[in-house]
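One structure is given below, encoded as structure tokens.
Predicted model only: the values in this text are computed from it and were never measured. Residue numbers begin at 1 in each chain, while the letters A, B, ... track the order of the sequences.
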Protein chains: 2
Amino acid sequence: MVTSSSARDRILDTAFRLFYARGIRAVGVDLIIAESGVAKATFYKHFPAKDELVLAYLDKVDGIWTGQLRAAAEAAGPDPADQLVGLFDALGTACRRDGYRGCAFINAAAEAAPGTPVHERTVAHKRAVLAWLRDLATRAGADDPESLARSIALLLDGGLADGALAADPEAPRAAKHAARGLVAAAASRVA
Amino acid sequence: MVTSSSARDRILDTAFRLFYARGIRAVGVDLIIAESGVAKATFYKHFPAKDELVLAYLDKVDGIWTGQLRAAAEAAGPDPADQLVGLFDALGTACRRDGYRGCAFINAAAEAAPGTPVHERTVAHKRAVLAWLRDLATRAGADDPESLARSIALLLDGGLADGALAADPEAPRAAKHAARGLVAAAASRVA
DNA sequence: TTGATCATAGACAGACCTGTCTGCTAGTGT
DNA sequence: ACACTAGCAGACAGGTCTGTCTATGATCAA
């Protein structure tokens with residue numbers, strides 16, 4: 001099974017690029033098939049329906065984005081309070097990347113009807129991120145970890161959304177700055 | 001010209017409802033025509049292309065949402081600092097509304113390619129809101145009005161995005177709480 | 001050699017999309 | 001009475017969408 005996974009990977013890589021750049025509905029399977037150099041039958045063998053490719057796409061994005069988020073957090077040092085601030089460096093890096101078009105999950109949710117598997121997948125992602133933030137806030141010794149985690153999540157998602165609109169290139173820095181203030185306030189109440 | 005505006009209004013009202021509920025690409029002009037009880041020729045007379053209807057839809061949303069935002073701010077009293085916090089009540093009200101599906105502009109931007117009139121329209125909206133927040137922050141006597149305005153905008157857009165994902169029903173309250181903290185911090189530096 | 005498996009190439013069906021066009025009806029101002 | 005305007009009804013063209021199908025070539029194991 002050497003070449004068998006190759007076709008699947010080519011499809012998924014192409015879908016990743018096109019879905020993110022143009023939107024899910026705007027990209028037809030025909031285009032993905034053409035750009036990935038794969039036969040139609042092969043496509044439908046690996047992904048019996050377009051929606052399953054969309055789910056695989058979201059899984060891929062989840063893995064990448066979560067990894068960047070954790071890496072940025074850990075780069076800030078061992079202190080969970082520092083990590084809650086440092087993770088915003090991942091936002092800054094993402095926004096500066098060429099062709100940045102915001103959060104793939106927020107975008108996918110905008111196109112999918114509530115209740116559909118695709119929409120549920122985006123909800124699951126946001127919940128997982130929030131759980132991670134809650135853990136960090138708890139270990140940071142925040143007075144109200146739940147509230148702090150939610151606030152950080154709001155700043156993060158706001159930064160992702162605003163970056164997509166390109167309305168404010170300074171958004172990531174403002175988000176990090178605000179996060180620092182919130183973390184300090186939550187910690188000072190304890191100290 | 002009594003009935004003449006009626007057809008146009010019916011089209012726009014139907015589009016407003018359907019575009020927001022299902023997404024712009026997911027709604028075809030045929031459906032809008034059928035649900036608004038209008039002839040196809042009449043539709044294309046008022047809106048020569050679908051994109052023009054989309055722009056009219058965004059204008060309508062802009063008027064409504066901006067109005068709600070300002071009303072919520074003014075309900076908090078005459079102090080600009082209070083208004084910066086009070087405006088989040090509009091977010092709470094919106095999120096509780098049945099069929100809430102997030103910010104129409106963020107959703108529209110997710111479907112439109114950057115550079116298109118529709119995308120530009122969303123950017124203009126966010127810029128207008130940011131300018132309003134900047135004015136409020138300045139009049140509130142904040143140390144760094146630009147930074148405070150951006151932070152408030154991030155919390156607002158984050159709340160809109162998260163509410164759409166329905167991942168966190170408490171998001172509006174958390175956003176208001178965080179905003180109160182940021183406003184207090186920015187003001188205390190002056191006092 | 002032969003059969004199984006995986007790939008490619010592309011025709012095809014059936015639905016839906018935007019936008020144009022032709023007829024027809026009804027009210028309105030002159 | 002007559003022209004004008006606004007609207008309704010729906011056929012039509014040309015394109016795109018998802019998904020199925022047939023036919024063919026390449027690889028590899030028995």
Side-chain angles (χ1 to χ4, degrees), chain A residues 1-58 107-108 110-113 115-119 121, chain B residues 1-58 107-108 110-113 115-119 121:
Chain A
M1 297 260 186
V2 178
T3 50
S4 105
S5 66
S6 165
R8 191 182 192 277
D9 287 351
R10 251 181 304 156
I11 295 169
L12 192 48
D13 288 347
T14 306
F16 180 89
R17 179 169 50 85
L18 293 175
F19 280 162
Y20 183 73
R22 308 191 196 176
I24 292 169
R25 269 195 131 87
V27 176
V29 293
D30 277 345
L31 181 61
I32 296 173
I33 285 165
E35 295 229 349
S36 57
V38 140
K40 206 159 192 178
T42 306
F43 175 91
Y44 278 102
K45 183 185 192 70
H46 289 292
F47 304 99
K50 185 187 178 183
D51 263 12
E52 303 202 20
L53 175 60
V54 175
L55 290 174
Y57 155 68
L58 291 177
N107 292 352
E111 294 195 68
T116 58
V118 170
H119 197 275
R121 184 68 188 78
Chain B
M1 297 262 185
V2 178
T3 50
S4 102
S5 64
S6 165
R8 190 182 193 276
D9 287 351
R10 253 181 302 155
I11 295 169
L12 191 49
D13 288 347
T14 306
F16 181 89
R17 179 169 50 86
L18 292 176
F19 280 163
Y20 183 73
R22 308 191 195 177
I24 292 168
R25 272 195 127 91
V27 176
V29 293
D30 275 346
L31 182 61
I32 296 172
I33 286 165
E35 296 230 348
S36 56
V38 140
K40 205 158 194 179
T42 306
F43 174 92
Y44 278 101
K45 183 185 192 68
H46 289 292
F47 304 100
K50 185 186 178 183
D51 263 12
E52 303 202 20
L53 175 59
V54 175
L55 290 174
Y57 155 67
L58 291 178
N107 292 353
E111 295 196 68
T116 58
V118 170
H119 197 276
R121 185 66 188 77

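When the P atom of D:dC8 is taken as reference, atom OH of B:Tyr44 falls 16 Å away, rounded to whole Å. Taking atom CZ of residue A:Phe47 and atom P of nucleotide C:dA7, one finds them 12 Å apart after rounding to whole Å. Rounded to whole Å, the distance from CD1 on B:Ile33 to P on C:dT18 is 9 Å. D:dC21 atom P lies 17 Å from atom CZ of A:Phe43, rounded to whole Å. Atom CZ in B:Arg10 sits roughly 9 Å away from atom C1' in D:dG7 (whole-Å rounding). The distance from atom CG of A:Asp30 to atom C1' of D:dT20 is 13 Å, rounded to the nearest whole Å. In this structure, B:Ile32 places its CD1 atom 8 Å from P of C:dT18, rounding to the nearest Å. Atoms NE2 (A:His46) and P (C:dA7) sit 4 Å apart, rounded to a whole Å.
Listed by first and then second residue, the salt bridge (charged side-chain N to carboxylate O under 4.0 Å, His left out) pairs that reach into residues 40-53 of chain A are A:Asp30-A:Lys40, sequence neighbours excluded.
Considering all non-hydrogen atoms of both residues, A:His119 and A:Ala113 come closest at CB-O, 3.3 Å. Scanning both residues, A:Val27 and A:Leu18, for their nearest heavy atoms gives CG2-O, 3.5 Å. Between A:Ile33 and A:Ala39, the shortest heavy-atom distance links the atoms CG2-C, 4.3 Å. Closest non-hydrogen pair, B:Ser36 versus B:Ile32, comes out as OG-O, 2.6 Å.
For B:Arg17, the side chain to side chain donor-acceptor pair (under 3.5 Å) criterion is met by B:Glu35, not counting sequence neighbours.
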Identify the pairs formed between an N or O of the protein and an N or O of nucleotides 9-16 of chain D at a distance under 3.5 Å, and give each distance.
none

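Between the CZ atom of A:Arg22 and the CZ atom of A:Phe19 there is a distance of 11.5 Å, given to the nearest 0.5 Å.
Here B:Thr42 reaches the OP1 or OP2 of D:dC8: one of its side-chain N or O atoms lies under 4.0 Å away.
Summary of the strand contacts: A:Leu31 and A:Pro48 both lie near DNA chain D, and taking for each the nucleotide with the nearest heavy atom, the more 5' one is attributed to A:Leu31.
Of the candidate nucleotides D:dG7, C:dA7, C:dT18, C:dA7 has the atom lying nearest to any side-chain atom of A:Lys45.
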